[in-house]
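Note on naming: letters A, B, ... go to the chains in the order of the sequence lines (proteins, then strands), and numbering restarts at 1 for each one.
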Number of protein chains: 2
Amino acid sequence: MSTAPAPAGDLTARARIIASALDRFAVHGYDAATMRDIAAHAGVSTALVTHHFGTKQALREECDARVVRFIAEKQDASTSPAEVLNQVLGVFGPYLARMLGAGGGSGGEASAVLFDRLLAVARAMIADGAASGWLRPSLDPEAQAAALVLVSVAPFLMLDRLTAWAGGDAEEALRRISVPLAELYTHGLTTDDRLLAAAGLTAEVSR
Amino acid sequence: MSTAPAPAGDLTARARIIASALDRFAVHGYDAATMRDIAAHAGVSTALVTHHFGTKQALREECDARVVRFIAEKQDASTSPAEVLNQVLGVFGPYLARMLGAGGGSGGEASAVLFDRLLAVARAMIADGAASGWLRPSLDPEAQAAALVLVSVAPFLMLDRLTAWAGGDAEEALRRISVPLAELYTHGLTTDDRLLAAAGLTAEVSR
DNA sequence: GCGGGGGCTGTACTCATGTACAGGATTCTG
DNA sequence: CAGAATCCTGTACATGAGTACAGCCCCCGC
């Protein structure tokens, strides 16, 4: 097992551990994912994981940092905010859902950075869209950004149920759920203002 | 089973355990919630919980059944599907999010009934709305029902992050996020068809 | 050549959790 | 009032988790 002497051809053990952790965290969640499984999936021993990262929480933060860097790189390129959001969800969607969703593990402080970054992307996307005119501005743009993140991540948050619903294929589930979501984004759902009224927005709207 | 002789003033221990389990599962999730914490919150010993329900999974199923019964009761009353969805989310929103969300615990089979019931309510709501004309029909009504459940549960799925985002108050977070969601339901978000095009629906739409 | 250092491993320890078991308290019945 | 069934508890056990420690093997510079 000459995994070590391959510096260029294969990934280094440290990189393999991070990749494995990103995968196991995405599949099982932070709490349910075990150091032993992460190590096994990376083809190393459990002790090496703690040797490189010290603790499970530190490994998680390394994974988070990897995602944050991915977002920053896409932003530095002249990618549009909408495309950044699409790409980060396409690559890290399940991971983000596990970390941002209920029970992301380790109390409430962890992964707050991830949510902030996504929020920043959504804010930029909304500002961009409002300037270009292809996006309807909201009475509360900050909440609109949060809602945009919410609805974008939501399919991954319930991916297991949607997969079962779609007959066992996760890709098919995402594709199928994207249809009514696209319709929602384009036309809305209701034909009157009763929901706005229920939210107490009739006064502002009618003016 | 003579549950009747219980003193009318207080709940029986069994009922207190179920209520405590519903609360702890909602707060910590299935895996993170411990039998000891559930028992302590109910004011009983851990052994009594296993005595009444046998296993943790059985206790969970009892909680699920409680929610299912709540939905059935609301449906039997002449409540509109939309109101049923509102009420069940208002009462069991956090619990449903924990159980339906990623990492609901115990593999993938559990709580499938809950999702089915919500889906049925959403289907009825869509059929009702389409008949009344206050709701835009989708090209894929079944997926539309799933999306409706998804977006309705989503705020509870990320309630922790939204609470932090809103400054620590969960109620305020839900209230604030409901504004752009109501706008989304009413007007949509975009002003053109690019999202429908991206979903490959332009042909169907243009026809 | 060789000594040292870092990547890497096997083993062990501590702790929390779900669950099983045997006994004590309480309440209903005859 | 007595007995018994039911409710309820304290204790203990097996398991799997994260983490710490001591040592091996390979590469690198003097």
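With 3.5 Å as the limit, one finds no donor-acceptor pair spanning the side chains of A:Ser111 and B:Arg161.
At C:dC8, one or more side-chain N or O atoms of A:His52 fall inside 4.0 Å of OP1 or OP2 (strictly under the cut-off). Under 4.0 angstrom from either OP1 or OP2 of D:dA20 there lies no side-chain N or O belonging to A:Thr50.
Remark: side-chain polar atoms of A:Glu183 are paired, donor with acceptor, to backbone N or O of B:Leu139 under 3.5 angstrom. Checked by atom type and distance alone, the side chain of B:Thr12 never pairs as donor or acceptor with a backbone atom of B:Ala15 at under 3.5 Å.
Residue B:Ala33 is classed as a sugar-phosphate contact, given heavy-atom separations below 4.0 Å to backbone atoms only. Within the 4.0 angstrom heavy-atom criterion, only backbone atoms of the sugar-phosphate kind lie near A:Thr34; the bases stay farther away.
Here C:dG7 presents its P atom at 17 Å from CG of A:Leu11, a figure rounded to the nearest Å. Here the P atom of nucleotide C:dA16 and the CG atom of A:Asp31 are 15 Å apart, to the nearest Å. One interatomic measurement links the two molecules: NE2 of B:His28 to C1' of C:dA16, which rounds to 15 Å at whole-angstrom precision. One interatomic measurement links the two molecules: CD of B:Gln57 to C1' of C:dG18, which rounds to 13 Å at whole-angstrom precision. Spacing between atom CE of A:Met35 and atom P of C:dC13 amounts to 20 Å, rounded to whole angstrom units. Atom CZ of A:Arg14 and atom C1' of C:dG6 are 14 Å apart (whole Å). Rounded to a whole Å, the NE2 atom of B:His51 is 16 Å from the P atom of C:dT19. Atom CZ of B:Phe53 is separated from atom C1' of C:dT19 by 16 Å (rounded to the nearest Å).
Residue pairs meeting the ring pair (Phe, Tyr, Trp, His ring centres under 6.0 Å) criterion with at least one member in residues 70-98 of chain A, sequence neighbours excluded: A:Phe70-A:Phe92. Screening residues 142-152 of chain A for side-chain hydrogen bond (donor to acceptor under 3.5 Å, both in side chains) gives A:Arg123-A:Glu142, A:Glu142-B:Trp165 as the qualifying pairs, with residues at least two apart or on separate chains.
Summarising the geometry, atom CG belonging to B:Leu119 is positioned 11.0 Å from atom CG belonging to B:Leu150; distances are rounded to the nearest 0.5 Å.
Listed nucleotides: D:dC8, C:dT9, D:dG18. Nearest to the side chain of A:Ser45: C:dT9. Nearest nucleotide to the A:Lys56 side chain, out of C:dG7, D:dC7, D:dT19: D:dT19. Of the candidate nucleotides D:dC7, C:dG18, C:dG7, C:dG7 has the atom lying nearest to any side-chain atom of A:Leu48.
Residue B:Arg176 places its CZ atom among more than 12 non-hydrogen atoms of other residues, nucleotides or ligands, all under 6.0 Å distant.
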For nucleotides 11-13 of chain D, list the nitrogen or oxygen atoms of the protein found under 3.5 Å from its nitrogen or oxygen atoms, one pair per line.
none

